[in-house]
Asker: 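Sending over a structure as structure tokens; questions will come in a sec.
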Amino acid sequence: GPPSTQIPQSPIQSPTQSHLDNILVFETNLDDIPPEQIGFAISQLWEAGALDVFCTPIQMKKNRPGTLLSVLAPPQLATPIQNCIFRHTGTLGIRIASQQRAILPRSIIEVPTHWGPVPCKLITSIDGSKSLSPEFDHCAQIAIEQGLSLPEVIRTVENEYYKPSTPKAPELP
């Protein structure tokens with residue numbers, strides 16, 4: 001018969017591995033709290049060390065609109081985060097789940113610019129490629145001080161990082 005066509009197997013070799021860490025997810029449904037108070041609670045949760053804080057609009061009993069407050073935090077901050085939610089939202093109960101998350105390797109670097117060094121996250125993807133994420137608050141401050149748009153500042157920082165380095169002159173014998 002005809003020769004069989006074999007497709008070469010090329011498993012993806014990822015030079016970079018994500019790694020798992022454990023987090024706690026805190027959730028509570030809010031329906032009798034002013035939006036300003038939710039905003040204040042969110043700022044207090046960030047101060048308490050939350051990894052992420054977000055709200056989702058939900059429908060609650062009797063067709064009342066409500067807010068699902070979700071907080072991600074490291075397990076060692078369980079008590080302060082829980083206390084913060086109770087104190088600042090007035091909720092009567094919090095659901096807490098332990099979860100794993102896969103995260104990519106990242107490091108904090110400083111990119112030199114004509115405005116001074118800008119802190120950035122350098123993220124390594126699973127294919128080994130790098131991406132840069134300039135620190136938002138620092139870039140926002142530069143934009144305000146320099147009268148620039150935020151995208152202009154971020155683009156400048158990225159261009160500084162990605163520009164080819166100047167080749168050194170060959171050494172003379």
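All residue numbers refer to positions in the sequence shown, counting from 1. Heavy atoms only: backbone and side chains are in, while hydrogens, waters and symmetry mates are out.
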Asker: Partners of S43 by side chain to side chain contact (heavy atoms under 4.5 Å, CB included), sequence neighbours excluded?
Answerer: F40
Asker: As a test of understanding, state which of L92, T67, I85 forms a side-chain contact (heavy atoms from CB on, under 4.5 Å) with T28.
Answerer: I85
Asker: Looking at every heavy atom in both L69 and C55, which two are closest together, and how far apart are they?
Answerer: CD1-SG, 3.9 Å
Asker: Kindly give the heavy-atom pair with the smallest separation between W115 and Q146, and that separation in Å.
Answerer: NE1-CG, 3.5 Å
Asker: Answer yes if L30 and F54 sit in the same cluster of Ile, Leu, Val, Met, Phe, Trp and Tyr residues linked by side chain heavy atoms under 4.5 Å apart, and no otherwise.
Answerer: no
Asker: Within this structure, what is the NZ-CD distance for the pair K163 and E158, rounded to the nearest 0.5 Å?
Answerer: 14.5 Å
Asker: Rounded to the nearest 0.5 Å, what separates atom SG in C84 from atom CH2 in W46?
Answerer: 12.0 Å
Asker: Between V153 and L122, is there a shared hydrophobic cluster once you connect ILVMFWY residues whose side-chain heavy atoms come closer than 4.5 Å?
Answerer: yes
Asker: Counting only heavy atoms not in E47, do more than 12 sit closer than 6.0 Å to its CD atom?
Answerer: no
Asker: When rounded to the nearest 0.5 angstrom, what is the spacing between CD1 in I126 and CG in L104?
Answerer: 7.5 Å
Asker: Under 4.5 Å between any side-chain heavy atoms of T156 and H114, yes or no?
Answerer: yes
Asker: Can you name the nearest heavy-atom pair linking A48 to L77, along with the distance?
Answerer: O-CD1, 3.6 Å
Asker: Should R95 and N29 count as side-chain neighbours, where that means a heavy-atom distance under 4.5 Å?
Answerer: yes
Asker: If you look at every heavy atom in L45 and V53, which pair is closest and at what distance?
Answerer: CB-CG2, 3.9 Å
Asker: Would you check, one step at a time, whether the test side chain to side chain contact (heavy atoms under 4.5 Å, CB included) holds for I103 with H19?
Answerer: CA-CA 6 Å; I103 55 176; H19 74 276; 3.5 Å; yes
Asker: Report yes or no: do V157 and Y162 belong to one cluster of Ile/Leu/Val/Met/Phe/Trp/Tyr joined by side chain heavy-atom distances under 4.5 Å?
Answerer: yes
Asker: Evaluate the side-chain proximity of P134 to V111: yes if any heavy-atom separation is below 4.5 Å, no if none is.
Answerer: no
Asker: What closest approach, in Å, do A50 and I81 show between heavy atoms, and which atom pair accounts for it?
Answerer: N-CD1, 3.9 Å
Asker: Look at the side chain of S125 and the backbone N and O of G128, then say whether any donor-acceptor pair between them is shorter than 3.5 Å.
Answerer: no
Asker: What's the spacing between H88 NE2 and N83 CG if we round to 0.5 Å?
Answerer: 9.5 Å
Asker: Go through L132 and I109 one step at a time and tell me if the side chain to side chain contact (heavy atoms under 4.5 Å, CB included) criterion holds.
Answerer: CA-CA 9 Å; L132 190 75; I109 64 166; 3.8 Å; yes
Asker: Linking I/L/V/M/F/W/Y whenever any side-chain heavy atoms sit under 4.5 Å apart, do I38 and V71 land together?
Answerer: yes
Asker: Ignoring hydrogens, what is the shortest heavy-atom contact between E110 and P112? Give both atom names and the distance.
Answerer: O-CD, 3.7 Å
Asker: To the nearest 0.5 Å, what is the distance between CZ (R155) and CG (L150)?
Answerer: 10.0 Å
Asker: How long is the span from the CE atom in M60 to the CG atom in L68, to the nearest 0.5 Å?
Answerer: 9.5 Å
Asker: Test side chain to side chain contact (heavy atoms under 4.5 Å, CB included) on K121 and I108 and set out the steps.
Answerer: CA-CA 5 Å; K121 265 191 219 143; I108 303 298; 3.6 Å; yes
Asker: Checking Q59 now: which residues fulfil side chain to side chain contact (heavy atoms under 4.5 Å, CB included) with it, not counting sequence neighbours?
Answerer: N63, P65
Asker: Please name all residues satisfying side chain to side chain contact (heavy atoms under 4.5 Å, CB included) with I96, sequence neighbours left out, ordered by chain then number.
Answerer: L24, F26, Q82, I94
